[in-house]
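Okay, so here's the structure we're looking at.
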Amino acid sequence: MRWSQLFVPTLRDAPNDAVAPSHALLVRGGFIRQLHAGHYSMLPMGWRVHQKVAQIVREEIDAIGGQEFLLPTMHPAEIWKQSGRWDTMGEIMFRLVDRKGGDTALGITHEEIFATVASELSSYKQLPQLWYHIQTKFRDEARPKSGLLRVREFHMKDSYSFDIDQAGLDRQFDAHDAAYRRIFERIGVPAFGVEASSGAMGGNSSVEFMTPSDAGEDDVARCANCGYSANIEKATSALPAVTDDAPPPAPERFATPGVRTIAALEEFEGGAAADRQLKTLVMMLDGEIVLAVVRGDHQLNVQKLIDATGAITVRAAEPEEALAALGARPGSLGAVGVTDLRIIMDEALRGRTNMTTGANTDDWHLRGVDVARDITVSAWADLREVSAGEACVNCGQPIEIVRCIEIGHIFKLGTVYAEKFGVMVSDADGKEAPVVMGSYGIGIGRNMAAAVEANYDDKGIIWPVSIAPFECVITLMRLDEATLAAGEQMYTELKAAGVDVLLDDRDARAGVKFADAELVGIPYRITVGPKGLASGEVEVTERRSGETINVALDAVVATVAERVAGATQTRKS
RNA sequence: CGGGAUGUGGCGCAGCUUGGUAGCGCACCUGCUUUGGGAGCAGGGGGUCGAGUGUUCAAAUCACUCCAUCCCGACCA
């Protein structure tokens, strides 16, 4: 390809609304352009990278036995009603109505659709199966952000495994775990797996793959000592044991005029330390008022509450709703004596006595509360969010909290979809058995952005060779006959040697060409000009290190081809 | 959804307070000179200022409504 003919609209200034480095650089480098919030056009350079990422994903999934499909993007409502997710998915799903009045949805994921296809499986002898496609997903995100990192329309590789038993699922799950690690290594994104909440996908266990980045949206609790790592939505930690004084025979009411917060009650004469208080959160779960109680110095993690209750929509109750339900305003609320509401109690409060909490009368609190004795607990659950510095549950060393981008997520689904969609096969005894499923997702565009987040400097992107839009650029310093001829010969020979090469034949100054090559992140640059040609040499510059070596004209093709091959791990299979 | 901010040629911005029908840098086109790290000079093209309504002799500028985009938050009693 000749740069003079290639549409690469590079920008000297980043759009001022691009905050994440990958967003700013992909726009500046002429890879993407925004159409509207959460929808991006892939320009030629961007699409080249996207396709290379997708191809690596394809190779690795093929290598563990994947069969590539292409399923529809638009789905009838019925299939989503059959799984129950038409209602549970809520506003994330784009919905439309066709000319006949039929409810239709744009696919956010494809468990339902693949399960429908899989209902034609009939014998355990056909298993295992591993099916996948790389296809557009639509998700009406509440807040698209950070360029390609969170969008409403994107390509995802989603695969689905079908096995006769749990052991088979475990094997396919582990195979994906390994394949995903190879993918991230090949595309140059540092990654590690974490325990995760399965959320709306259902199923019994899942692993998320994370890459550390300030541009991310997930917090991960990690232990540097033993390697424990879990999404903050799932993470636990060990707390020091607490011994409470024996409580009085019954809670005591006491006046606390003007005290509205945990901190204020700590200061108040006759109050209590935060870790001796009960924090009562009034939550609205699918329209039902529920009390979630955590220790005064702890914070509720909403996803944990969702996982513990199976709720679909969760929000904090409005102060008026709390007043109506409990008779007091936030700041004076408590669970003691409440019998008409579900009360979910955090595990950290198990066995606690002599606690202080709101009395459900404005400006009054209760002390001497024994959690087990005085509160009608509906369920105990892990609700609290862990904090940096707390002790690791495995080894006791302090944990850290790391901001990450979620770059992949794999789920063990079990038989839930099989049962809903009749994916039944005859087992070895001739009896009908539900197929055990797994699902595995990886966003192509997000990984492209994550690769930028992990590979850039003040000059621009530093693409890993494996996914660079071009592996090498030949920068012509002049467009005189000799330079052009040398460059074109080199271009032809590099192509023949299998190198993905771009010829910068633009009539522009050296500085412009150098700056553009660096901004768009091409790993190797061959600089060809009259100066070098006079002594039969050209320069080869590596983008990442900035190092330049002089190479004899007749050796440059072999030199570059060798380096490119050395930097690209291709699958041997 | 809550809060904040912003919408003026392709990109970055000024003008708005104190209304008088649009300006700068980069980019683009032409010419000359230049040419190994984002050239110089000269000439030129392109916007009616997010949309609508209102006030006014007159609106980018004032008022109201709407739309869009970005950021933060969405338990913190």
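Per chain, numbering begins at 1; letters A, B, ... match sequence-line order.
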At under 4.0 Å between heavy atoms, what does [X] touch on the DNA or RNA strands: base, sugar-phosphate, or nothing?
X	result
Lys145(A)	sugar-phosphate
Glu539(A)	base
Arg260(A)	sugar-phosphate
Ala37(A)	sugar-phosphate

Which base sits across from [N] as a Watson-Crick or G-U pair, both distances under 3.5 Å?
N	result
A51(B)	U65(B)
A58(B)	none
G36(B)	none
G2(B)	C72(B)
G19(B)	none
U30(B)	A42(B)
C24(B)	G12(B)

First and last nucleotide of RNA chain B in contact with chain A, 5' to 3', at under 4.0 Å to a heavy atom: what are they?
C11(B) to A77(B)
Euclidean distance for C1', G3(B) against A14(B) (whole angstrom)
29 Å
Using the P atom as the reference point in each nucleotide, state the distance between C28(B) and A22(B) in Å, no decimals.
27 Å
Keeping the roles fixed (side chain from Arg95(A), backbone from Trp86(A)), state whether a donor-acceptor pair exists under 3.5 Å.
yes
Within the distance-only criterion (no hydrogens, no angle test), does the side chain of Glu266(A) pair as donor or acceptor with the backbone N or O of Ala274(A) below 3.5 angstrom?
yes
For the residue pair Gln489(A) / Thr492(A), report whether a side-chain donor-acceptor contact shorter than 3.5 Å exists.
no
